[in-house]
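Working notes for the structure below.
Reminder, nothing fancy here: chain letters follow the sequence lines and each chain counts from 1. Nothing here was measured: the structure is a model prediction, and the numbers come from that model.
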Amino acid sequence: MAQVTSRVGEERISTDGLEEFAAVRPRLFGIAYRMLGSAAEAEDIVQEVWIRWQGYDRRQVRNAPAFLATTATRLAINAAQSAHARRETYIGPWLPEPVDTSRDPALGAERAEALEFAVLLLLERLSATERAAYVLREAFDYPYEQIAEVLQQSEANARQLVSRARKHLAEERKSAVSAAEQRRLLDAFVAAAQTGNIAHLEQLLAEDVVSYSDGGGAVRASRFPVLGRERVAKFVHAFAPRFWTGVEVAPIETNGRPGVALAKDGAVFAVLTVTASQEGIDRLLWVMNPAKLGAYVPVAG
Amino acid sequence: MLDLLIEARVAHPELVVAEEAVNGQVGLALRSRGLVVAVVGMRTEGARVTDLWVVLNPDKLGGWREPLTGPLDFEREKGGR
């Protein structure tokens, strides 16, 4: 802080606030970019912070860097919430806006965390508040006390948010790497379902497995997700005659995930895909909606 | 990917491929007459590339088209979302 008007004695902040702002600008950008995956939107946030900083009674501010970072984070949370709706209608898969990190490898942060494409894509699936907590902790090394203040939450809540975000990311990463293992689990699941072996089915399912059926109202399918290992195993067992008798099973791949197409009399009537973690299959997706099965060619033979 | 790059270079001989720091990782920028037309983010495990993310959306390449501006240059042209 060079431009301090020491004559007045009460002002600890430069008169125009420019210096304080310039000092934390890369940090503000770093926070907003990680939360939004968009350099253009992050730039908008930084400018909005500047405008608010200009309009603010800066003499009231004790800790300018903390104040500015808090403002940026809260604006980014709002922006993330409205960006979510826009990305629902984005044409094709959404990817982050790439940033050149040759000059500043950590992009305004203490650590180069939450910067890789893989992590940004995972962050996109978390709530805006979880994202903020994770970014402030992992990349900017904020103490929980401060994260709590920024998010207007209790310290215990802030810890909870960070740990939940970490857990989500770890789970997503786990299931993302094990395509071969997912295929193995799916094949074993199909075999157990065909023989109607409940014990074997349960062995393959994670404790908190969820089964979703999409019938689109056009065919008979469970309208509600089925939760938990035992229930899912029983559910699959109960539908064994309908699903597996005289049915041809063909391995397919949908959206990079292993699946099977189930066909009867040469017509595909269901596509099953799974996701899995170390604990086993944690999601079963049954697509039975005829409108969504058009792309699947009937199994030959 | 290599095939893709070769194909792209055959179709567009003016294309220049350069290694860049993309989101903290080694990545690529494809330039045509000095203009960035694609940025490729990569993820590697050991010596193998496990993921490639190819960004072609011109709205997302604005940051690669001009030299980085000064810290307070608010006049910087903003791209679309």
Checking heavy atoms, do the side chain of A:Pro26, its backbone, both or neither come under 4.5 Å from chain B? neither
Compare every heavy atom of A:Leu95 with every heavy atom of B:Val54, then report the nearest pair and how far apart it is. O-CD1, 3.6 Å
Partner chain B: residue of A:Asp104, A:Leu115, A:Leu120 with the largest heavy-atom pair count (under 4.5 Å): A:Leu115
Toward chain B, the part of A:Leu107 with a non-hydrogen atom under 4.5 Å: neither
Could you tell me which non-hydrogen atom of A:Thr101 sits nearest to which non-hydrogen atom of B:Gly24, and how far apart they are? OG1-N, 2.7 Å
Looking at B:Lys60 and A:Ala39, would you say the former's side chain and the latter's main chain have a donor-acceptor pair under 3.5 Å? no
Side chain, backbone, both or neither: which part of A:Ala118 has an atom under 4.5 Å from a heavy atom of chain B? both
Going from CD on A:Glu97 to CG on B:Leu61, what distance comes out if it is rounded to the nearest 0.5 angstrom? 8.0 Å
Test item: B:Val22 and A:Val99 side chains (from C-beta on) under 4.5 Å apart, heavy atoms: no
Nearest atoms (heavy-atom pairs only) where A:Ser102 meets B:Ala21: N-CB, 3.5 Å
Once side-chain contact (heavy atoms from CB on, under 4.5 Å) is applied, do any residues pair with A:Ser82, and if so which ones, sequence neighbours excluded? A:Arg86
Is it the case that over 12 heavy atoms from other parts of the model lie below 6.0 angstrom from the CD atom of B:Glu19? no
Taking ring-ring contact (aromatic ring centres under 6.0 Å, His included) as the test, write out the residues that go with A:Phe117, two or more places apart. B:Trp53
